[in-house]
Enquirer: 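One structure is given below, represented as structure tokens, and several questions about it will come after.
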There are 2 protein chains.
Amino acid sequence: MNDQTKLQQEEELSLKLFIVLTRTLDAIEKRVLEDIKCLGLNPTEFAVLELIYNKGDQPIQKIGEKVLIASSSITYVVDKLEKKNFIMRKPCPTDRRITFAAITSEGKDLMDDIFPKHKMAIQQILAGLDTNEKETMIQQLKKLGYYAKGI
Amino acid sequence: MNDQTKLQQEEELSLKLFIVLTRTLDAIEKRVLEDIKCLGLNPTEFAVLELIYNKGDQPIQKIGEKVLIASSSITYVVDKLEKKNFIMRKPCPTDRRITFAAITSEGKDLMDDIFPKHKMAIQQILAGLDTNEKETMIQQLKKLGYYAKGI
DNA sequence: TAAATACATCCCGAAATCGAGATATTTATC
DNA sequence: GATAAATATCTCGATTTCGGGATGTATTTA
């Protein structure tokens with residue numbers, strides 16, 4: 001086999017990996033979505049609430065970085081969570097540009113209730129691999145991700 | 001270590017896998033997006049055009065199944081691709097419910113030009129893993145995906 | 001200190017996606 | 001052959017997300 005053919009095969013393989021990756025995450029997300037939708041939250045709202053629940057109050061700016069959405073979208077999501085009384089805006093005392101999103105007791109109560117269930121659901125959805133396989137895959141995915149980011 | 005603790009650790013591991021999976025695909029997609037955006041197509045438009053380019057004319061219904069979007073969204077995307085003259089609608093002669101989306105010569109010319117480049121770009125983005133690692137990951141992802149779908 | 005630059009949030013209009021249901025056609029059932 | 005059920009596409013309104021730019025605040029620079 002010559003180099004040209006090898007390269008083409010490798011390209012096909014990469015394309016296949018990309019497709020399988022997309023498909024798999026899609027299947028998983030569909031399941032996770034079902035788990036979340038019952039709660040009256042959409043995935044983004046859940047992600048934001050989870051972030052604040054687990055990592056404490058966050059400047060609105062930081063939320064966008066972690067949840068990977070545009071700044072104009074954060075405003076929208078925070079508005080909605082605030083309307084539902086799960087979080088509240090708190091001005092930063094030392095820097096008046098900054099607004100914190102802080103969880104309310106109502107938000108905390110909700111998460112205390114649903115977060116363990118959520119974790120359990122994910123556990124069940126990902127039970128197709130055993131412990132070692134998961135660890136290996138995490139490692140390999142990280143390698144892939146770091147490389148992709150670094151290009 | 002008791003069973004309770006083991007389960008909790010496994011839950012943490014699954015959650016981590018889910019997060020890493022999401023992050024990694026996100027990083028990769030961001031790169032692929034850059035590759036596509038220059039062409040005046042968004043990812044969905046590209047996916048639909050690629051499907052028709054590689055698999056031939058498709059009933060509009062089938063497009064939704066393969067590209068994983070709602071039927072109302074397909075109509076929207078096909079409209080846009082039709083306006084750009086990359087595809088055209090063709091009524092099915094034997095079943096008048098069905099409309100095919102068929103690639104135009106203009107659409108074919110475009111894909112002849114950009115699809116090889118696209119494949120090369122993906123090859124470069126995914127070069128963080130070698131051939132064997134990619135094959136293993138494809139296999140493991142499939143296992144994960146089948147299981148998730150089957151629940 | 002004044003001006004320029006950077007930063008954080010928000011507003012607005014547009015784009016993308018969805019869900020529910022309308023319409024037209026085909027297939028199945030009696 | 002008539003009616004019911006299934007299928008394919010599209011319409012419409014609502015939701016979510018984005019990009020660009022406006023506004024207010026902090027930091028740097030000249």
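We use all heavy atoms of the structure for the numbers below, so side chains are in, but hydrogens, waters and symmetry mates are not.
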Enquirer: Report the distance from atom CG of B:L68 to atom C1' of C:dC18, rounded to the nearest whole Å.
Expert: 14 Å
Enquirer: Just how far, in rounded Å, is P of C:dA16 from CG of B:L81?
Expert: 11 Å
Enquirer: Quick one, A:E135 and A:T131 - any side-chain contact, counting heavy atoms below 4.5 Å?
Expert: yes
Enquirer: With DNA chain C as reference, determine whether B:Y76 or A:I74 sits nearer its 5' end, using the nearest nucleotide of each.
Expert: A:I74
Enquirer: Quick check on DNA chain C: between A:K37 and B:N42, whose nearest nucleotide comes earlier from the 5' end?
Expert: B:N42
Enquirer: Return the CZ to CG distance between A:R23 and A:D26, rounded to the nearest 0.5 Å.
Expert: 7.5 Å
Enquirer: Check the distance between D:dA8's P and B:R89's CZ and give it to me in whole angstrom.
Expert: 16 Å
Enquirer: On the side chain of A:R97, is there an atom forming a donor-acceptor pair with the base of C:dT9 - under 3.5 Å, no angle test?
Expert: no
Enquirer: Give a yes or no on whether a salt bridge exists between B:K108 and B:D112, defined as a side-chain N under 4.0 angstrom from a carboxylate O.
Expert: yes
Enquirer: Go through it in stages, so that I can follow the logic: the residues are A:K142 and B:V20, the test is side-chain contact (heavy atoms from CB on, under 4.5 Å), and I'd like the CA-CA distance, side-chain angles, deciding distance and then a yes or no.
Expert: CA-CA 7 Å; A:K142 277 186 178 173; B:V20 173; 4.1 Å; yes
Enquirer: For the helix from C:dT1-D:dA30 to C:dC30-D:dG1, measure the angle between the helix axis at one end and the axis at the other, each built from five pairs, rounding to 10°.
Expert: 20°
Enquirer: A:K134 and B:E10: side-chain contact (heavy atoms from CB on, under 4.5 Å), yes or no, with the steps?
Expert: CA-CA 10 Å; A:K134 279 181 211 162; B:E10 193 67 22; 2.6 Å; yes
Enquirer: Hey, which sits more toward the 5' end of DNA chain D by its nearest nucleotide, A:S72 or A:T94?
Expert: A:S72
Enquirer: Roughly, in whole Å, what's the span from CD1 in A:I60 to P in C:dC11?
Expert: 11 Å
Enquirer: Given that A:T44 and B:P59 both sit by DNA chain D, which one's nearest nucleotide is further toward the 5' end?
Expert: B:P59
Enquirer: Of the candidate nucleotides D:dT16, C:dT26, C:dC18, which contains the atom at the shortest distance from the side chain of A:K80?
Expert: D:dT16
Enquirer: Using atom CD1 of B:I63 as one end and atom C1' of C:dT17 as the other, report the distance to the nearest whole Å.
Expert: 16 Å
Enquirer: Between A:K55 and A:E50, does any NZ, NE, NH1 or NH2 come within less than 4.0 Å of an OD or OE carboxylate oxygen?
Expert: no
Enquirer: Just the rounded figure in Å: distance from P of C:dC10 to CZ of A:R96.
Expert: 15 Å
Enquirer: Would you say the side chain of B:S71 and the base of D:dC10 hold a donor-acceptor pair, judged only by whether the two atoms sit under 3.5 Å apart?
Expert: yes
Enquirer: B:I69 CD1 to D:dC10 P: how many Å, rounded?
Expert: 13 Å
Enquirer: Using a 4.0 Å heavy-atom cut-off, does A:T75 contact any base of the nucleic acid, only the sugar-phosphate backbone, or nothing at all?
Expert: base
Enquirer: With a 4.0 Å cut-off on N to O distance, would you call A:R89 and A:D57 a salt bridge?
Expert: no
Enquirer: Can you tell which of D:dC18, C:dC18, D:dT9 lies closest to the side chain of B:S73?
Expert: C:dC18
